[in-house]
Amino acid sequence: MSDTRTSTASAELFSQALDLTPGGVHSNVRLASPKVFFARGEGSRLWDVDGNDYLDYLLGQGPMFLGHAPADINDAVALAVSRGMVFGAEHPLEIEAAAGVLTTLGWAERVRFGLTGTEAVQAALRLARAATGRTRFVRFEGHYHGWLDNVLLGPDPEVPASAGQLASHLGDSIVIPWNDADALESLLATRHDEIAAVIMEPVMFNMGAVLPRDGYLQKARELCDRYGIVLIFDEVISGFRVGPQGAVGLTGVVPDLATYGKAIAGGWPVAALAGSERLMGMFGTGEVNHSGTFNSSVMACAAVAATMTRLRENPPYAELERVGTSLREGLARLAARHGLPLHLQGLPMAFHASLGGPDGEYHDYRGLTSRDLAGYAALSTQLAEHGVWVAGRGIWYVSAAHTDDDVAETLDRVDSALAAR
Ligand code: PLP
């Protein structure tokens, strides 16, 4: 297949983009990706401007959980926006979307919609500070909470990750290893007076795909209760993906606040903050500010409402589990056949691939960084050249649109890519 693939049109567009846009991309996350321009996406598949097709396991970094161009979601949005898009005021679809999210989640009492996960995290941290009167928050190595100054983290938590980001911005947070209950307990025992919130990805998807150790989230919940600290789950990746109630449903641990994005709206740009009435109510009194011109637009609410309807009426989770497991098992078989030291871990709908390193699962960021991440990134480029579109950082997202035939075709393509190495 690689013999017939050309990339002339993509290369031409990329050279034009370089004259228009820094680095030719609109998000720094894409700087390291192969420079492919896509013309179209449908279901599990993408087509580039040169006519090459790809089985997609990047899913736009996660949002295309229902597959590309999901007709039920897009039809609902098209119908709604034919009557207007942004009112700067309330409209009935807000009720449908908010009720849909709260019913699906089950545990949360109130929800606010925004545009990006980054904003939802900031709103959560602000609420936590307002509610506790404390200033700092605890976060964890390897967890990503958006690109703003107070949360963007590089490999060394003491050193700003970006030029222009000040070391003082990082002083808002205290960074400790995740999945280590003793580390959290001893920190909170001595410094709880200054800590407003503990924020974490309840399943660490940004660096690996790492499940919480048995009892870890329960312990975090117990400690936050003991010290009056707000527990925030950043479910921007896990929310609505690992199950209808996200990581809360998976683990049974309920946070005070949780952020959502990506899978919440069939690919439309929506994020949400959900939580207890006690905390969220501070937005309602005006005591805490949360604003945004495009918050709860007609398209956002139509997309969220339709997504919640789909998840309720036609839940994809059992099929995702089956298809994702079969993909993961097939990849492991191919790796063994080609002598590739591939390590896979996580959940069927979102698992992580890495190369080298010690046998067995890793349980935190340090475990992941002991593996050959550069080697996997190079492999991901080879996979793209063979028609399998995956993230260089190792995550494989499976959508509700992937089928057994897709898996079989993917494995054929991976087989060719590995044979060509
Ligand atoms: N939180 C988590 C866990 C994420 O994975 C991301 C993005 O990948 C964000 C927050 C930021 O979301 P956004 O890119 O929509 O601003």
Side-chain angles (χ1 to χ4, degrees), residues 25-33 57-65 112-128 137-154 161-162 165 173 175 178-179 197-212 217 231-242 246-248 250-251 255 257-275 290 292 294-295 297 300 303-304 307 346-347 349-352 364-365 368 390-397:
V25 300
H26 291 268
S27 167
N28 272 31
V29 171
R30 299 175 205 151
L31 278 174
S33 311
Y57 296 95
L58 180 72
L59 302 186
Q61 297 287 358
M64 306 317 304
F65 174 65
R112 273 274 178 104
F113 294 120
L115 275 178
T116 66
T118 296
E119 289 171 72
V121 163
Q122 295 300 318
L125 293 174
R126 184 179 281 176
L127 266 188
F137 60 93
V138 176
R139 53 147 335 154
F140 299 91
E141 291 173 359
H143 293 218
Y144 179 72
H145 301 297
W147 65 281
L148 295 188
D149 287 334
N150 61 343
V151 288
L152 186 67
L153 218 56
S162 167
Q165 184 188 19
S173 60
V175 185
W178 187 63
N179 245 343
V198 169
I199 183 169
M200 67 171 78
E201 292 182 67
V203 180
M204 186 174 76
F205 278 122
N206 267 291
M207 286 288 167
V210 187
L211 290 161
L217 298 187
L231 179 62
I232 305 170
F233 282 176
D234 185 344
E235 294 230 46
V236 167
I237 293 181
S238 53
F240 306 103
R241 184 186 313 277
V242 303
V248 172
L250 204 66
T251 63
L257 297 170
T259 56
Y260 299 93
K262 299 199 193 269
I264 196 174
W268 288 82
V270 187
L273 175 64
H290 167 247
F294 291 103
N295 289 1
S297 70
V304 169
T307 301
L347 295 168
M349 59 289 281
F351 57 84
H352 188 271
D364 58 19
Y365 174 62
L368 173 69
V390 286
R393 65 197 173 87
I395 192 85
W396 284 61
Y397 290 119

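Counting begins at 1 with the first residue of the sequence. Note that ligands are numbered from 1 as they come in the structure, with each ligand's atoms numbered from 1 the same way.
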Enumerate donor-acceptor pairs with a distance under 3.5 Å from any side-chain N or O in residues 267-275 to protein atoms, sequence neighbours excluded.
from: W268; atom 1: NE1; to: N74; atom 2: OD1; distance (Å): 3.0

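Those atoms of ligand 1 that come under 4.0 Å of a heavy atom in E201, given as number and element, are 3 (C). In summary, the atoms of ligand 1 found under 4.0 Å from a heavy atom of T116, numbered by their order in the structure, are 15 (O), 16 (O). Atoms of ligand 1 lying under 4.0 Å from at least one heavy atom of I237, given by number and element, are 5 (O).
For atom 10 (C) of ligand 1, the closest non-hydrogen atom of the protein is D234 OD2, 3.5 Å. The single protein non-hydrogen atom nearest to atom 5 (O) of ligand 1 is N206 ND2, 2.9 Å, given as residue, atom name and distance. Looking from atom 13 (P) of ligand 1 to the surrounding protein, the closest heavy atom is G117 N, 3.5 Å. Distance from atom 8 (O) of ligand 1 to its nearest protein heavy atom, with residue and atom name: K262 NZ, 2.9 Å. Looking only at heavy atoms of the protein, atom 2 (C) of ligand 1 is closest to Y144 O, 3.2 Å.
The shortest distance between side-chain heavy atoms of P212 and V203 falls below 4.5 Å. Within the 4.5 Å cutoff, no side-chain heavy atoms of L148 are placed close to those of V121.
Residues forming a side chain to side chain donor-acceptor pair (under 3.5 Å) with H143 (at least two apart in sequence, or on another chain): none.
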Query raised in the report: What's the verdict on side-chain contact (heavy atoms from CB on, under 4.5 Å) for V151 and Q122, showing C-alpha distance, side-chain angles and the deciding distance?
Result: CA-CA 9 Å; V151 288; Q122 295 300 318; 3.8 Å; yes
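Nearest to atom 14 (O) of ligand 1 by heavy-atom distance, out of T259, T118, I395, is T118.
A donor-acceptor contact shorter than 3.5 Å links the side chain of E201 to the backbone of Y144.
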